[in-house]
Amino acid sequence: MHTLKIALQKSGRLSEISQELITEAGISLTNGKRTLIAHSSTFPLKVLYLRDDDIPQYVADGVANAGIIGEDVLRESEYPLEVVYRLGFSRCHLSIAVPKEQNYNGLKWLSGKRIATSFPKILRTFLAENQISAEIHFLNGSVEIAPAIGLADCIFDIVSSGSTLISNGLKEVETVMQSEAVLVAAPGLSDEKRAILDNFLFRIKSVLAARNNKYILLNAPNDKLDEICRALPGMKSPTIMPLALEGWSSVHSVLSENEFWGIINQLKEAGAQGILVIPIEKMIL
Ligand code: PRP
Ligand code: ZN
């Protein structure tokens, strides 16, 4: 029996959301994060829980076949992994942050400063591009406390909600790179593992699409149906069914989260009534 080994972050920004994705994809796992490895009885998958910064190397070495990590971590690692799919969640940025009382007045402020980071390669490239000479102080974790303990003047780190910065008295002053979660794979997977990965990706895409879409039902007088249908994109075209009430129909369709509010307003203006919006469990693309 072939199994695909996928590495997930043990704790941090990506851990909960990657775990949810796997559960929603119908893959149930044994004992979870207290152990390093979890198995599934419903899908040929093993999950390795690791520090996110270590995941690229584990995948490159073939200890894991795939992983879910931030693009930032992938870029810093410089391993030539395949980006199988951009997952669109855990969006964050890599930024320079300074103690909030500092009068930061642009990049030249960084000259001669000590910058603590877990992303020295990305930082070095950024500083070189901007012709700033500063001292890069590599730290493996807890970068945000470096200024307070006198180890550095500022930091270069991941900012997601920004709460880590706030609770450490820091403010974000330069955004260097945007990032989101990506599914990566080792180069040269066997055909068997590739087939499992494809199947896994198919499930993940269905879960993500369902999250980004809503099922919508509404009632409309028949003479408004044309206008209402024009406002609705739908997967193919909306479903229209007659109501028991003469001259009225029920219209069903699927709307993406982004276009949702705009379209709801158009529908109301066109005469739609009794609009219901329902979450979608899975959406097969
Ligand atoms: C990153 C970063 C911060 C935190 C920022 O940690 O190092 O600690 O996320 O998130 P926030 O803006 O929402 O507070 P990560 O999840 O990569 O864990 P690690 O530092 O242990 O690798
Ligand atoms: Zn990290």
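Whatever order the structure lists them in is the order used to number ligands and atoms, beginning at 1.
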Inset, instruction - Count the heavy atoms of every other residue, nucleotide or ligand shown that sit under 6.0 Å from CZ of Arg75, and state whether that count exceeds 12. - result: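 Open: at most 12 neighbouring heavy atoms sit under 6.0 Å from CZ of Arg75.
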Inset, instruction - Can you spot which of Val98, Val159, Asp157 makes a side-chain contact (heavy atoms from CB on, under 4.5 Å) with Leu165? - result: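 Only match with Leu165 under side-chain contact (heavy atoms from CB on, under 4.5 Å): Val159.
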With heavy atoms of [X] as the reference, note each atom of ligand 1 found under 4.0 Å away.
X	answer
Gln9	15 (P), 16 (O), 17 (O), 18 (O)
Glu144	8 (O)
Arg13	1 (C), 6 (O), 9 (O), 15 (P), 16 (O), 17 (O)
Gly162	11 (P), 12 (O), 13 (O)
Gly12	16 (O)

Inset, instruction - Verify the distance criterion only: is there a donor paired with an acceptor across the side chains of Glu172 and Ser95 at less than 3.5 Å? - result: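 There is such a pair between these side chains.
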Inset, instruction - Assess the side chains of Asn212 and Ser256: does a donor N or O sit below 3.5 Å from an acceptor N or O? - result: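 No pair is found: no donor N or O on one side chain lies under 3.5 Å from an acceptor on the other.
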If you have a sec, work out which protein heavy atom is nearest [atom] and how many Å separate them, to one decimal?
atom	value
atom 11 (P) of ligand 1	Ser161 OG, 3.4 Å
atom 2 (C) of ligand 1	Asp157 OD2, 3.5 Å
atom 21 (O) of ligand 1	Arg51 NH1, 4.4 Å

Legend entry - Selected option - heavy-atom contact closest to atom 22 (O) of ligand 1, from Ile69, Thr164, Asp52: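 Of the listed residues, Asp52 has the closest heavy atom.
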Inset, instruction - Please confirm whether the backbone N or O of Arg91 pairs with a side-chain atom of Gln178, one donor and one acceptor, at under 3.5 Å? - result: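 Not confirmed, Gln178 side chain does not pair with Arg91 backbone.
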Legend entry - Donor-acceptor contact below 3.5 Å, side chain Gln9 vs main chain Leu14: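 Checking the backbone N and O of Leu14 against the side chain of Gln9, a donor-acceptor pair under 3.5 Å is found.
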Legend entry - Min side-chain heavy-atom separation Phe126-Ile132 under 4.5 Å: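 The answer is no; the side chains never approach within 4.5 Å.
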Legend entry - pair Phe156-Val143: side-chain heavy atoms closer than 4.5 Å: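 SC-SC contact between Phe156 and Val143 ruled out.
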Inset, instruction - Measure Asp53 to ligand 1 on non-hydrogen atoms and call it side chain, backbone, both or neither using the 4.0 Å cut-off. - result: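 Side chain only.
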Legend entry - Sub-4.0 Å heavy-atom approach of Ser163 to ligand 1: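 For ligand 1, residue contact (heavy atoms, under 4.0 Å) with Ser163 is present.
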Inset, instruction - Consider ligand 1: state whether an atom of it lies below 4.0 angstrom from any non-hydrogen atom of Val159. - result: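 True for this residue.
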Inset, instruction - Starting at NZ of Lys282, measure out to CD of Glu24 and round the result to the nearest 0.5 Å. - result: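 Interatomic distance, Lys282 NZ to Glu24 CD, rounded to 0.5 Å: 6.5 Å.
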Legend entry - Apex the Zn ion (ligand 2); atoms Asp53 OD1 and Asp52 OD2; angle rounded to 10 degrees: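 My answer is 100°, to the nearest 10°.
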Inset, instruction - Check whether any protein heavy atom sits under 4.0 Å from atom 8 (O) of ligand 1. - result: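 It does; a protein heavy atom is within 4.0 Å.
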